Amino acid sequence: MSLVAGLLGRVLWLSGLRSGDHAQGSQAMEQDKALEVYDIIRTIRDPEKPSTLEELEVVTESCVEVHEIGEDEYLVIIRFTPTVPHCSLATLIGLCLRIKLQRCLPFKHKLEIYISEGAHSTEEDINKQINDKERVAAAMENPNLREIVEQCVTEPD
């Protein structure tokens with residue numbers, strides 16, 4: 001009996017189906033996806049300054065979470081920190097994050113973007129705006145706003 005159990009355990013281990021091994025594999029995959037997401041958003045330019053969101057520490061590696069929610073589908077959560085608690089461009093930064101990820105993420109995903117807790121005076125209102133598909137679509141119909149977003153998300157040459 002122990003020979004069969006040992007053999008079955010080895011087969012499960014080799015196939016990656018043993019629960020502990022699968023969880024570790026899934027966690028490693030989520031970490032890889034999080035780094036992939038960060039690599040996409042770190043080069044977004046600040047709407048006001050000649051710097052990237054990474055350079056201003058608006059986004060960091062630790063602000064990105066990825067969780068598997070289905071077969072080849074992931075929940076991507078971004079928590080960004082505006083440079084000042086009353087930043088008037090926080091909504092625009094959130095919009096830039098959303099647009100760039102919608103365009104560039106190579107895997108199926110659900111996207112949630114938030115201002116880091118306590119990092120902005122109107123974070124609740126801004127979080128609602130940047131996670132509302134209709135408001136995002138309406139914002140991108142505005143040609144002036146769309147041009148600013150394009151300048152922020154376009155990769156430098």
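Keep in mind that what you see is a predicted model, and the values were worked out from it rather than measured.
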>> Please check: side-chain N/O of Ser121 versus main-chain N/O of His86, any donor-acceptor pairing under 3.5 Å?
In response: no
>> Less than 4.5 Å apart, side chain to side chain, heavy atoms only: is that true for Glu68 and Met29?
In response: no
>> Membership question, hydrophobic clusters at under 4.5 Å side-chain separation (ILVMFWY): are Leu101 and Ile126 in the same one?
In response: yes
> Would Glu134 and Lys128 satisfy salt bridge (Lys or Arg N to Asp or Glu O under 4.0 Å), going step by step from the backbone distance to the final call?
Replying inline: CA-CA 11 Å; Glu134 290 176 11; Lys128 284 180 187 174; over 6 Å; no
> Hey, what do you get for NE2 (His67) to NZ (Lys110), rounding to the nearest 0.5 Å?
Replying inline: 11.5 Å
>> Could you check whether any side-chain heavy atom of Leu92 comes within less than 4.5 Å of a side-chain heavy atom of Leu145, counting everything from C-beta outward?
In response: yes
>> Under 4.5 Å between side-chain heavy atoms, counting indirect links through other Ile/Leu/Val/Met/Phe/Trp/Tyr residues: same cluster for Ile78 and Ile99 or not?
In response: no
> Hey, is Arg42 close enough to Glu155 for a salt bridge, meaning N to O under 4.0 Å?
Replying inline: no
> Linking I/L/V/M/F/W/Y whenever their side-chain heavy atoms sit closer than 4.5 Å, directly or via other members, would Leu95 and Val64 fall into one cluster?
Replying inline: no
> Side chains of Phe80 and Ile130: closer than 4.5 Å at any heavy-atom pair?
Replying inline: yes
> Phe107 and Val76: side chain to side chain contact (heavy atoms under 4.5 Å, CB included), yes or no, with the steps?
Replying inline: CA-CA 11 Å; Phe107 53 84; Val76 177; 4.1 Å; yes
> Any link between Leu89 and Leu53 through a network of hydrophobic side chains (Ile, Leu, Val, Met, Phe, Trp, Tyr) touching at under 4.5 Å?
Replying inline: no
> In the single-linkage hydrophobic clustering (I, L, V, M, F, W, Y; side-chain heavy atoms under 4.5 Å), do Leu97 and Ile148 co-cluster?
Replying inline: no
> What's in the same ILVMFWY side-chain cluster as Leu75, cut-off under 4.5 Å, chained through other members?
Replying inline: Ile69, Ile77, Tyr114
> How far apart are the closest heavy atoms of Ile40 and Thr43, and which atoms are they?
Replying inline: O-OG1, 3.5 Å
>> Please check this pair: side chain of Asn131 against backbone of Ile113, looking for a donor-acceptor N/O pair closer than 3.5 Å.
In response: yes
> Counting only N and O atoms by type, is there a donor-acceptor contact under 3.5 Å from the side chain of His109 to the main-chain atoms of Glu73?
Replying inline: no
> If every non-hydrogen atom of Ile93 is compared with every non-hydrogen atom of Pro47, which pair is closest and at what distance?
Replying inline: CG1-CD, 3.9 Å
> Taking only residues two or more places apart in sequence or in another chain, which ones pass side-chain hydrogen bond (donor to acceptor under 3.5 Å, both in side chains) with Lys49?
Replying inline: none
> Roughly how far, to the nearest 0.5 Å, is CG of Leu56 from CD of Glu48?
Replying inline: 10.0 Å
> For Ala90 and Pro82, which heavy atoms make the closest approach, and how far apart are they?
Replying inline: CB-CG, 4.1 Å
>> Quick check: closest heavy atoms across Val136 and Gln129, and the distance to 0.1 Å?
In response: CG2-O, 4.0 Å
>> Strictly distance-based, threshold 3.5 Å: is any side-chain N or O of Thr122 a donor or acceptor partner for the main-chain N or O of Asp125?
In response: no
> Any donor-acceptor pair under 3.5 Å linking the side chain of Glu55 with the backbone of Thr52?
Replying inline: yes
>> For the CD atom on Glu124, are there more than 12 heavy atoms of other groups (residues, nucleotides or ligands in this structure) within a distance under 6.0 Å?
In response: no
> Judged by modelled atom types alone, do Glu57 and Thr81 share a side-chain donor-acceptor pair under 3.5 Å?
Replying inline: no
> Just by modelled atom types, is the Glu123 backbone N or O under 3.5 Å from a matching donor or acceptor in the Asn127 side chain?
Replying inline: yes
> Testing Glu117, Glu112, Glu61, Glu65 for salt bridge (charged side-chain N to carboxylate O under 4.0 Å, His left out) with Arg79, which one passes?
Replying inline: Glu65
> Is Ser51 close to Arg45 at the side-chain level, that is, under 4.5 Å between some pair of heavy atoms?
Replying inline: no
>> On a heavy-atom basis, which atom in Cys96 and which in Val153 lie closest, and how many Å separate them?
In response: O-CG1, 3.5 Å
